[in-house]
Amino acid sequence: MSLEPFVVWRGVAAPMLRPNIDTDAIIPSREMKRVSKTGLGEGLFAGERYLDSKTRQPNPGFILNNPSYSDCSILLGGPNFGCGSSREHAVWALREYGIRAIVAQGFGSIFANNCVRNGLLPVILSKQQIEALVDWTGESPGQRKIVINLEQQKITAGLLNYRFEIESGARHMLLNGLDAIALTLQSKEVIKAFESNRRQQRPWLYG
Amino acid sequence: MILTEAIARLMTATLFDKLWDEHLVESQTDGTDLIFIDRIFLHERTGSIALESLKAEGRSVFCPEQVFCCMDHIVDTFPGRGDETTMPSGRDFIVSLRHAAHNTGLTLFDLGDPRQGIVHVVSPEQGIVQPGATLVCPDSHTCTQGAFGALAWGIGSSEAEHALVTKTLRVRRPQTLRVTFNGNLSSGVGAKDLILHLIANHGAAGGSGYAIEFAGDTVRNLDMEARMTLCNMAVEFSAFTGLIAPDEKAINYLKGRPYSPSGDAWEKASTWWQSLHSDDGATFDRELMIDVSAIEPTVTWGTSPEHCVPISGVVPSDGDLASGLERARRYMDLQPGQKLDGLPIEAAFIGSCTNARLSDLRLAARVLRDRSVADGLKAICVPGSMAVRAAAEAEGLDEVFRKAGFEWRESGCSLCFFAGGEHFGYQQRVISTTNRNFESRQGPSTRTHIASPAMVAASAVTGRITDPRKLL
């Protein structure tokens, strides 16, 4: 299964800056209704996005319901974005909604891994840099799109130009839309040898 | 020369280094390490999604005998429950995992099995987690099992598929952090208070990027169940995992368990397990030292585990908008400076992988014996496993809970989170032994306060958040 590669992305960015936005907030457990990886976009941020989760009446106070952000594909976050539950549904919901990248001060580690496995780029910048991006997009985010270049590890927005760091493994997978399983299966013989050695070294794990 | 360097390295390794190196298949050119995974757990929330996805891609499970499945996330906990659930589509998750596990040849602790329960309670009970092993599960609280000196951590569904097919994960080596707790715990203070204290003082992201080893006299003196509580919430500190070096307590706990080694294998295994500790000369990337003697019973006031104060404490002032404190305070319907002690509650919950083991139930029962919960208060106890439930019943604890006015349930994750079925009421204030106080975690707009089993039991009796030392 190959993924859509992430090389350069230009998109509308919405700020969601409060700290510790957990994966329960990104997709509440009650929205994970089917034995499936799809059908989750509607449940994205359901707790805040709808005034009533049953009728789906939109909450006008929620940022992604603001028409200026209707084409949002980038989120600007605070510290510890995606903390909490390991539910990959959070990332599936974000992708289905159309989010391609999240720029935050930090990420829950399981969430960040889940992002990379699904072609969604997690970028860490400082508080000041993220605030500058939010200020720049200002009142017209639809016109003032942010450009994220993973190849060059750069974010540009008007005169703002920030370099970001990313683990080389994650960068490589995202740039090429790689399937981690296929990549690892290239080492299948090494793994098999390791396993057979382990059966001898730690036989009690194998009953 | 190379040999002496190797020996010197051996004498300065942390427990984490030993576990990592033990499982290192190969270092990848992309900066990650390929880590061998000994055992995998799945549950009905995501297990069948992963297994079906593999099938669709024509991939197979590398080693089915090392994969174990629990029914815990979605099952109801009402007495006499079956596959039907209060969650509308819950049955689909249960039935599809059962089929997938059967078709793939995986071990399943199903409904009706006396071994059924919450994955992180069942695994140690059955002796499936062992010192020196790697164990992963698509559940963030897998770090609980690090209490045995296993390298155990939570993953997503894609990584679960990766581990199932390749028996490995591609992981960047985390840094190491040792948190040393020294001193004697006051009466009424336990592992839950320790971990909440740590998170309150260093933030919910304080452990980000680290594998944590919990050490010190205080930790040595904790029993295995309390150590599991401590490691359980390492993820609430944003850590990669939590670990405790296995000692006599860990080894004795595992002796005679169904999946524990026996005979000669036990001798070999337990001898090796005793070598699994950080060397005297080991250095950590970061160290924290905490004197526990001043730690009080601790309770959360807000919507992150870092929103947390001693029972004598008050709700903080709002700070700036970016801190999120005001939003949390309004959600919880509290005022800056308000005392937590004495705050009226409407429900009490004792359950979850954090605090629903036998020692937790014993502690709560000590408070509840010959007492009743406050009028009108909803009180529920969900044992961590059916084995815990049976052991508690053998001691008559179920009678103590029932007489006090608690519902006595069958096992599962239950009201730790609202999955679309059973939940606490709209804006209801709940005191809970669970691990997350996120917005709407236990029900629509429900206000959760996290605390120890002792504090939850004491608060259930008075109908207000209560210092357990008054009732112990």
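Basis for what follows: all heavy atoms, side chains included, without hydrogens, waters or symmetry-related copies. A note on names: the letters A, B, ... follow the listed sequences, proteins ahead of strands, and every chain is numbered from 1.
- With chain A as partner, the option from B:P261, B:A419, B:S440 having the largest number of non-hydrogen pairs under 4.5 angstrom is B:A419.
- Ranked by heavy-atom pairs shorter than 4.5 Å toward chain B, the options A:G108, A:P28, A:S36 are led by A:S36.
- The pair A:K188-B:E26 does not meet the salt-bridge criterion, since no charged nitrogen lies less than 4.0 angstrom from a carboxylate oxygen.
- Note on B:Q28, B:K167, B:Q130, B:H141: by heavy-atom pairs under 4.5 Å with chain A, the leading option is B:Q130.
- Using a 4.5 Å cut-off between heavy atoms, B:C137 makes no contact with chain A at all.
- Nearest heavy atoms, B:C63 versus A:E195: SG-OE2, 3.8 Å.
- Between B:I49 and A:K37 the shortest side-chain heavy-atom distance falls below 4.5 Å.
- In this structure a side-chain-to-backbone donor-acceptor pair under 3.5 Å is missing from A:R18 to B:L321.
- For chain A, no part of B:W266 is nearby; none of its heavy atoms comes within less than 4.5 Å.
- The shortest distance between side-chain heavy atoms of B:M87 and A:K33 does not fall below 4.5 Å.
- Contact annotation for residues 74-89 of chain A against chain B (heavy-atom separation below 4.5 Å, listed by residue number): A:N80, A:G84, A:S85, A:S86, A:R87, A:E88, A:H89.
- Within the 3.5 Å criterion, the main-chain N or O of A:R117 finds no donor-acceptor partner in the side chain of B:S158.
- No donor-acceptor distance shorter than 3.5 angstrom exists from the side chain of B:T166 to the backbone of A:L185, with no hydrogens or angles considered.
- Within the 4.5 Å cutoff, no side-chain heavy atoms of B:I155 are placed close to those of A:N113.
- In this structure, chain A has heavy atoms under 4.5 Å from both the backbone and the side chain of B:D92.
- Proximity to chain A is absent for every atom of B:E44, based on heavy atoms less than 4.5 angstrom apart.
- Taking the charged nitrogens against the carboxylate oxygens, A:R34 and B:E52 have no contact shorter than 4.0 Å, which rules out a salt bridge.
- No more than 12 heavy atoms of other residues, nucleotides or ligands shown are found within 6.0 angstrom of CZ on B:R172.
- Of all the listed residues (A:K127, A:R30, A:H172, A:R202), the one sharing the greatest number of non-hydrogen pairs under 4.5 Å with chain B is A:R202.
- B:F93 touches chain A through backbone and side chain together, each having a heavy atom under 4.5 Å away.
- Taking CD1 of A:I110 as the reference point, atom OG of B:S140 lies at 5.5 Å (rounded to 0.5 Å).
- Heavy atoms of B:L24 lying under 4.5 Å from chain A belong exclusively to its backbone.
- Contacts of A:A182 with chain B are made by both backbone and side-chain atoms, with heavy-atom separations under 4.5 Å.
- Of the possible polar contacts, one joining the B:R39 side chain to the A:L205 backbone as a donor-acceptor pair under 3.5 Å is found.
- The two residues B:G156 and A:N114 have their closest heavy-atom pair at CA-OD1, 3.2 Å.
- Note: B:A204 leads B:A204, B:S304, B:P444 in heavy-atom pairs under 4.5 Å with chain A.
- Contact of the A:K192 side chain with the B:F62 side chain is registered, since non-hydrogen atoms from C-beta on lie closer than 4.5 Å.
- Proximity to chain A involves both the backbone and the side chain of B:R170, based on heavy atoms less than 4.5 angstrom apart.
- For chain B, no part of A:E31 is nearby; none of its heavy atoms comes within less than 4.5 Å.
- B:H23 touches chain A through backbone and side chain together, each having a heavy atom under 4.5 Å away.
- When the candidates B:E439, B:R441, B:E65 are compared by the number of heavy-atom contacts under 4.5 Å with chain A, B:R441 comes out ahead.
- Other residues, nucleotides and ligands contribute over 12 non-hydrogen atoms within 6.0 Å of the CG atom of A:D52.
- Residue B:Q66 holds its CD atom at 5.5 Å from OH of A:Y206, rounded to the nearest 0.5 Å.
- Interface residue B:S323: only backbone heavy atoms are found under 4.5 Å from chain A.
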_Does B:R173 form a salt bridge (charged side-chain N to carboxylate O under 4.0 Å, His left out) with A:E167? I'd like the steps, not just the answer._
CA-CA 11 Å; B:R173 190 179 186 125; A:E167 286 173 33; over 6 Å; no
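- When each of A:I191, A:V91, A:L17 is scored by its heavy-atom pairs under 4.5 Å with chain B, the top score falls to A:I191.
- Counting only heavy atoms from C-beta outward, the side chains of B:Y259 and A:W204 never approach each other to under 4.5 Å.
- Summarising the geometry, atom CG belonging to B:N437 is positioned 9.0 Å from atom CG belonging to A:D22; distances are rounded to the nearest 0.5 Å.
- For the options A:S109, A:P203, A:P19, heavy-atom pairs under 4.5 Å to chain B are most numerous at A:P19.
- Both the backbone and the side chain of A:I181 have a heavy atom closer than 4.5 Å to some heavy atom of chain B.
- Ring-plane geometry between B:F36 and A:F194 is classed as tilted, the angle between the planes lying from 30 to 60 degrees on a 0 to 90 degree scale.
- Looking at B:T168, the atoms closer than 4.5 Å to chain A (heavy atoms on both sides) all sit in the side chain, from C-beta outward.
- A salt bridge is defined here as a Lys NZ or Arg NE, NH1 or NH2 lying under 4.0 Å from an Asp or Glu carboxylate O, and B:D38 with A:R198 meets this definition.
- Shortest non-hydrogen contact noted between A:S29 and B:F417 is OG-CD1, 3.7 Å.
- For a residue to count as touching a neighbouring chain, one of its non-hydrogen atoms must lie under 4.5 Å from one of that chain's; by this rule B:S157 touches chain A with backbone and side chain alike.
- Per-residue heavy-atom pair counts under 4.5 Å with chain B were compared for A:G47, A:G106, A:A25, A:S187, and the maximum is reached by A:S187.
- Most heavy-atom pairs under 4.5 Å with chain A, from the set B:E236, B:H73, B:E161: that is B:E161.
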